[in-house]
Amino acid sequence: MSPITSLVQSVDWLAIAPPTIAAAVALAVLVADLFLPAARKPLLGWISTAGLALAALFLLPLLDGDRRTFCLPGHPDACSYVADPFTLVIQFLVLGGALLTALLSIDTIKDHDLPTGEYWFLLLSSASGAALLPASRDLATLVIALEVASLPAFALVGLRRGDRLSSEAALKFFLSSVAATAVMLLGVSFLYAATGNLHLSRVAHALTALPDPRLATLASAGVALTLVGFAFKTAAAPFHFWVPDTYVGAPLPIAGYLSVVGKAVGFSGLILVTVQGFPSYADVWGPALAVLAALTMTVGNVAALRQDPRRAHSAVRLLAWSSVGQAGYLLVPIAAAGYAHNPAHAIGSTVAYALMYAAVNLGAFAVAALVARTRPANRLTDYRGLYAQRPLVALALGFFLLCLAGLPPGIIGLFAKVTVFSVAVDAGLAWLAVVMAVNVVIALYYYLQWTAVLFRGAEETEEAGAPQAAPTGARPPHARIPAPLATAIALATVLGIALSGAPQLVLRFASGALL
């Protein structure tokens, strides 16, 4: 075999189908936008939604086993793309979250006069990068996938032209993310210089036996810098400062997308580099992530508790700070994996929690998008009397909030929190379990307070003096819910109920999805 022939790699097109389909539809939508008249532009939304559904359907043929492609010739264990169970469950979360975001976006684009073609191209491009990341098994592909998922998100946040909040949010998101990416790239370059490898399996092997103490120091710096980069992507404190303003300035579907898909990207990347790339440094990243988890959940929940219900956009701000607190819970099992001989169960708890969080948090953002159609300021006080106006919507939001709080009938939320708590105790992190328990109690207050507001009568709404003057062109409170928005709320509710019906199956599947 000639040297040139030995460098040729075969491509498993079925394995890479989900992110490839999303990317191909993104390009098709961008080209179609040039030729479609303005009256036909809404068709692009349905094409994009169908493309995301098709990409998700192509996960089904991959369930029969691991598939690997872009492997080094003669080294089948060193591959850049691996479609294993962990990859598939995260891709399902990403594509499902993007699909719900697409349903929320169809009417948002029309209401806010957003550029249709650009919006759908950016959303699909970001989703393709997010779907690529959990399959990445070398540091270069990992960073590229992370940036493909992140760069379109900057533009999506700032897509509301002439809106000061949107422009400021996009700028803050962009600058802080670029700084984090620069730090991560420096860490990756240090690791490559120390180990001479980019594939995670080979980096892990090389880190166990570095011949020169100077290389060990360089590798340690690389590990630390890489973890800092992913800490930003997961919105872990103190790298969380961009979250509230970004969520408020972004279109609501994009805020929901960042809270779910953005976190899935960050956490899947963090899991891959720690558990598969840096297992020999578990005694370093385990305690570090435990401290980050405690700090993140505390900062997020305390800030959410302090939200003024009458402040403009207080509902979105509360969801933003809540997402920071939830990120702390998601970090707990990853930290516990640093203390475990077999980290699969601990990581499975993070994956199971992420599935629960994705469904109910997107559902909460869907209801927020519905309320924003008549109450653009989206204050918490605007949700008073929602049950009297829209009983099913109020019940759905109450269910989502109880799931996030971990209370029945949100069984999946309760089960997820108990599982994470038990993983921390089993790993010997009793202090972290205590911190988590305190934070769960803090979160109960603001989740239950919001839930109670939904069921207060209309008379109380008027007495509170908080009804806003209806903006020009605002829809009446009882206007018909757009079909895409109603579908998104219904899908999130059904998924939350289904997960609550069989929470142990979710954990069993998630625990077998890695390593």
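For reference, positions follow the sequence shown, starting with 1.
Formation of a donor-acceptor pair under 3.5 Å by the Thr246 side chain with backbone atoms of Ala170 is not found in this model. Of the possible polar contacts, one joining the Asn439 side chain to the Val435 backbone as a donor-acceptor pair under 3.5 Å is found. With Thr141 contributing its side chain and Arg137 its backbone, the two residues share no donor-acceptor pair below 3.5 Å. A donor-acceptor pair is defined here as one N or O able to donate and one able to accept, closer than 3.5 Å; no such pair exists between the side chain of Asn361 and the backbone of Tyr357.
Closest of all the heavy-atom pairs between Gly256 and Ser259 is O-OG, 2.8 Å. Leu52 and Ala127 make their closest contact through CD2-CB, 4.1 Å (heavy atoms, listed as atom of the first residue, atom of the second, distance).
Side-chain N/O atoms of Tyr119 and Ser48 include no donor and acceptor closer than 3.5 Å. In the model, Lys233 has a side-chain atom that pairs as donor or acceptor with a side-chain atom of Ser177 under 3.5 Å. Ser314 and Asp308 share no donor-acceptor pair across their side chains, judged by distance under 3.5 Å alone.
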Report task. Report the C-alpha distance between Tyr257 and Ser126 in whole Å, list the side-chain angles of each, state the deciding distance to 0.1 Å, and finish with yes or no for side chain to side chain donor-acceptor pair (under 3.5 Å). Result -> CA-CA 10 Å; Tyr257 177 84; Ser126 178; 2.8 Å; yes
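In this structure, Trp450 and Tyr383 have perpendicular ring planes: the angle between them is above 60°, well past the 30° mark. Ring planes of Tyr387 and Phe455: tilted class, angle from 30 to 60°.
Under the 4.0 Å criterion applied to side-chain N and carboxylate O atoms, Asp245 and Arg317 are assigned as salt-bridge partners.
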